[in-house]
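Read through the structure below, which is laid out as structure tokens, and then see the notes.
The chains referred to below are lettered A, B, ... by the order of the sequence lines, with proteins before strands, and numbering in each begins at 1.
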2 protein chains.
Amino acid sequence: MNLKQFAELAGVSTATASRALSGTGRVSEETTSRIVALAEKLGYQPNAIARNLRTQRTMTVGVVVPMGHDALQHLSDPFFNTMIGFLADALVEHGYDLLLSRVLPDDERWLDRYIGTGRVDGILVIGQSDQYHVIESMARRYRPMVVWGGQMPGQRHCAVGSDNFRGGQMAAEHLIARGCRLLAFAGPGLGVEFGERLAGVRAALAAAGLPPPVELPSHFEPDAAYRDLAKHLGALDSMPDGIVAGADVTAASMLKALAEMGCDVPSTIKVIGYDGLPIAGHLVPALTTIDQHLREGARIMVDLLMRRIAGEDAPSVRIEPRLLVRQST
Amino acid sequence: MNLKQFAELAGVSTATASRALSGTGRVSEETTSRIVALAEKLGYQPNAIARNLRTQRTMTVGVVVPMGHDALQHLSDPFFNTMIGFLADALVEHGYDLLLSRVLPDDERWLDRYIGTGRVDGILVIGQSDQYHVIESMARRYRPMVVWGGQMPGQRHCAVGSDNFRGGQMAAEHLIARGCRLLAFAGPGLGVEFGERLAGVRAALAAAGLPPPVELPSHFEPDAAYRDLAKHLGALDSMPDGIVAGADVTAASMLKALAEMGCDVPSTIKVIGYDGLPIAGHLVPALTTIDQHLREGARIMVDLLMRRIAGEDAPSVRIEPRLLVRQST
DNA sequence: TTGAAAGCGGTACCAC
DNA sequence: GTGGTACCGCTTTCAA
């Protein structure tokens with residue numbers, strides 16, 4: 001049933017029916033309640049697509065995860081999962097739905113292609129990956145976009161994320177304070193964020209007069225990551241006594257690899273993660289980590305996006321990372 | 001820019017432009033390539049909303065998670081997360097987008113309200129929760145719907161899920177074979193699935209001539225679950241030597257509670273989970289679990305839904321659960 | 001092969 | 001307060 005038919009049954013014009021149902025405009029109390037009751041009874045609901053077309057609003061926000069084809073990250077990666085869940089929770093509170101798309105950044109225009117079709121009122125991008133420049137150039141033309149990621153000097157796009165350098169620094173400082181003298185950094189090579197974290201680790205070690213960190217490259221894909229780490233660990237000349245993982249997921253693989261090698265955590269070797277995923281507290285030993293406050297971060301992203309959709313000019317927000325000490329250090 | 005303006009620039013009618021861009025209908029080679037090239041150059045893309053309205057298709061699938069208000073499950077729950085990720089991966093391969101909504105089943109009509117607005121071509125429901133009858137009655141009128149969950153005798157709606165009774169049975173049998181004599185079942189009280197799993201555990205124990213399982217009620221919310229479990233465990237007269245958790249998430253909380261009580265897993269007490277979340281392999285000790293093959297399940301759900309959207313009548317599929325032995329037993 | 005025009009199902013302006 | 005009607009931007013029949 002469409003509005004025309006419904007209005008006919010109600011004995012009013014489509015205009016009146018529309019106004020009564022959407023609650024906008026001047027319709028008498030009685031007419032309104034009569035029409036609403038009838039709609040309820042008949043199970044009539046206005047078609048959202050038609051409304052979207054007319055109003056030019058979709059009440060939907062796109063969440064896109066740019067996946068560099070090197071990094072085989074699935075949407076099922078725990079970090080994305082968690083983030084998407086938090087974003088959904090926050091968007092729902094604002095009455096928005098979440099359109100989830102995996103986008104393959106095969107050329108420079110993927111973001112244009114995504115936005116151009118007008119299915120969403122705004123977008124949230126999770127992770128800059130290796131698409132920093134694409135996002136940056138999009139930000140020039142497209143306002144309602146908020147990105148989870150770092151802020152570089154002179155950056156144009158609105159980003160929410162922790163101070164990755166500071167976080168890396170905190171992680172290393174904590175391990176040093178716990179008595180570690182030789183650190184390793186385990187993480188995927190790609191991505192601005194990870195580079196910053198590593199730089200923070202370097203800085204802390206230098207400040208303490210200690211040697212630079214051993215780098216253990218790692219995959220995103222859990223099983224591969226685990227194998228990589230085990231292999232690289234085994235090949236080291238001297239075993240580090242502390243490991244900073246670039247992400248909680250990496251730390252989890254690390255814990256597994258260490259357990260199989262018979263290295264006790266934290267007595268023999270200490271491990272600290274990065275992200276603050278809820279699941280990290282469930283690992284045994286519970287993972288010490290740098291908490292990025294993802295739930296709050298998601299809420300902030302959504303708030304900023306709402307303001308940008310409304311036409312305001314919301315600025316980037318930097319989240320202060322926090323050391324969350326648990327049992328793995 | 002809209003189609004009319006674009007067509008004007010291209011020097012053709014809107015009809016021709018539309019046909020050339022959508023690849024449907026008869027347009028000469030040259031015209032087509034000329035128009036496509038121009039669109040590329042100008043960055044013109046047809047508006048998806050308008051297309052959806054006209055074609056009555058959205059190329060979007062809704063994923064809804066009915067949340068009984070008793071169970072405070074967030075979309076950020078690891079099980080949902082994981083499932084949503086897998087579904088997204090599968091949908092993307094079919095060219096569909098995923099519209100994520102948290103639905104509060106406050107009355108009997110939530111499903112009608114969701115579907116009635118016509119924003120999606122079909123829906124995937126994750127978990128029957130306590131909404132079995134609502135889903136069942138919807139299935140009578142609405143075909144393109146596939147549900148993750150169990151299959152009861154005489155069930156109308158198309159469901160994909162593991163044989164929960166069999167799974168519970170397998171879990172218990174495994175613990176018994178490992179020498180356990182007093183089992184506990186930890187899980188949220190609600191939900192058909194969990195009841196079935198518990199029944200399976202009961203059956204296995206009875207068949208082995210062992211006493212029925214102690215029941216440890218638990219929350220969905222991780223921290224609360226952990227506290228609950230610790231409390232209930234402490235209050236038991238005699239400690240069980242094996243625990244079947246109704247979900248991997250519950251098992252994770254369990255492992256944590258046990259670690260803090262100083263109970264070694266698996267030597268003192270053995271723990272088996274249910275779901276087969278990828279993250280479960282990262283717990284230490286790595287969690288033995290009943291694998292529901294979620295990734296494959298998601299793929300099957302999507303395949304069935306595609307067939308239903310196409311008008312076919314796809315049947316329910318039961319997934320054979322599999323025992324995945326790791327270190328916690 | 002191409003173009004003119006009628007919708008898809010609403011919303012919102014304008015007149016009464 | 002209510003009704004008539006022009007649009008939102010595209011697809012698709014029908015005619016040329």
Side-chain angles (χ1 to χ4, degrees), chain A residues 1-39 42-60 95 97 112-121, chain B residues 1-39 42-60 95 97 112-121:
Chain A
M1 176 162 45
N2 61 27
L3 182 63
K4 194 173 170 190
Q5 299 166 325
F6 172 73
E8 207 150 319
L9 290 175
V12 292
S13 70
T14 60
T16 301
S18 171
R19 283 187 289 241
L21 291 174
S22 62
T24 158
R26 314 117 305 204
V27 187
S28 77
E29 285 274 322
E30 320 146 42
T31 322
T32 302
S33 58
R34 189 168 57 83
I35 290 179
V36 168
L38 184 64
L42 299 178
Y44 168 71
Q45 291 183 251
N47 179 298
I49 302 290
R51 168 182 291 161
N52 292 343
L53 178 58
R54 177 63 229 227
T55 60
Q56 303 288 50
R57 299 200 69 188
T58 61
M59 295 305 283
T60 298
D97 282 316
D112 294 81
R113 275 204 307 274
Y114 184 74
I115 293 170
T117 60
R119 283 179 312 184
V120 296
D121 293 343
Chain B
M1 174 162 49
N2 61 27
L3 182 62
K4 193 174 170 193
Q5 299 166 326
F6 172 73
E8 207 150 319
L9 290 175
V12 293
S13 71
T14 60
T16 302
S18 170
R19 284 188 284 242
L21 291 174
S22 61
T24 157
R26 314 120 303 207
V27 188
S28 77
E29 283 274 323
E30 320 147 41
T31 321
T32 301
S33 59
R34 189 169 56 84
I35 290 180
V36 168
L38 184 63
L42 299 178
Y44 168 72
Q45 290 185 249
N47 179 298
I49 301 291
R51 166 181 294 161
N52 292 343
L53 178 59
R54 177 62 226 234
T55 60
Q56 304 287 52
R57 298 199 72 188
T58 62
M59 294 305 282
T60 298
D97 282 315
D112 294 80
R113 276 204 307 275
Y114 185 74
I115 293 170
T117 59
R119 281 179 313 183
V120 296
D121 293 342

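At the phosphate of dG9(C), OP1 or OP2 sits under 4.0 Å from a side-chain N or O atom of Gln56(B). Distances shown here put a side-chain N or O of Ser28(B) below 4.0 Å from the OP1 or OP2 atom of dT2(C). Under 4.0 angstrom from either OP1 or OP2 of dG9(D) there lies no side-chain N or O belonging to Gln5(B). Residue Thr24(B) places no side-chain N or O under 4.0 Å from the OP1 or OP2 atom of dT11(D). Between Thr55(A) and dG10(C) there is no side-chain polar atom (N or O) within less than 4.0 angstrom of OP1 or OP2. Side-chain nitrogen and oxygen atoms of Ser13(A) include at least one within less than 4.0 Å of the OP1 or OP2 phosphate oxygen of dG3(D).
Closest contact between the side chain of Asn2(B) and the listed nucleotides dG9(D), dG3(C), dT5(D) involves dG9(D). For Arg51(B), the listed nucleotide lying nearest its side chain is dT11(D); candidates were dG9(D), dA6(D), dT11(D). Out of dC14(D), dT2(D), dG3(D), the shortest distance to the side chain of Ala15(A) is found at dG3(D). Closest to the side chain of Val27(A), from the set dC10(D), dT2(D), dT2(C), is dT2(D).
Among all heavy-atom pairs drawn from Gly118(A) and Ile49(B), the shortest one is O-CG1, 3.4 Å. When all heavy atoms of Ala20(A) and Val36(A) are compared, the closest pair comes out as O-CG2, 4.2 Å. Between Pro46(B) and Leu21(B), the closest heavy-atom pair is CG-CD1, 4.4 Å.
In terms of polar N and O atoms assigned as donor or acceptor, the side chain of Arg19(B) comes within less than 3.5 Å of the base of dG3(C) in a complementary pairing.
Screening Asp121(B), Asn52(B), Asp97(B) for a side-chain hydrogen bond (donor to acceptor under 3.5 Å, both in side chains) involving Thr58(B) leaves a single residue, Asp121(B).
At whole-Å resolution of the value, CD in Gln45(B) and P in dG9(D) are 15 Å apart. Following rounding to the nearest Å, Glu29(B) (CD) and dT1(C) (P) show an atom-to-atom distance of 9 Å. Spacing between atom CG of Leu3(A) and atom P of dG3(D) amounts to 12 Å, rounded to whole angstrom units. Atom CG in Asp121(A) sits about 15 Å away from atom C1' in dC8(D), given to the nearest Å. Atoms CG (Leu21(A)) and P (dG1(D)) sit 17 Å apart, rounded to a whole Å. The CZ atom of Arg119(A) sits 17 Å away from the P atom of dG9(D) (whole-angstrom rounding). What separates CD1 of Ile35(A) from P of dG1(D) is a distance of 14 Å, to the nearest Å. If you take CZ of Arg54(B) and C1' of dG9(D), they are 11 Å apart, rounded to a whole angstrom.
Within 4.0 Å of Arg26(A), counting heavy atoms only, lies at least one base atom of the nucleic acid. As judged by a 4.0 angstrom heavy-atom cut-off over every strand, Tyr44(A) is placed among residues touching the sugar-phosphate backbone only. When heavy atoms are screened at a 4.0 angstrom cut-off, Thr14(A) is found touching base atoms of the nucleic acid. Base engagement by Ser18(B) is indicated by at least one non-hydrogen atom pair under 4.0 Å involving a base atom.
Take the nearest nucleotide of DNA chain C for Thr32(B) and for Met1(A): the residue whose nucleotide is more 5' is Thr32(B). For the pair Val12(B) and Leu53(B), nearest-nucleotide mapping onto DNA chain C gives the more 5' position to Val12(B).
By the 4.5 Å heavy-atom criterion applied to side chains, Thr14(B) and Phe6(B) are not counted as neighbours. Under the 4.5 Å side-chain criterion, counting only non-hydrogen atoms from C-beta, Val12(B) is in contact with Ile35(B).
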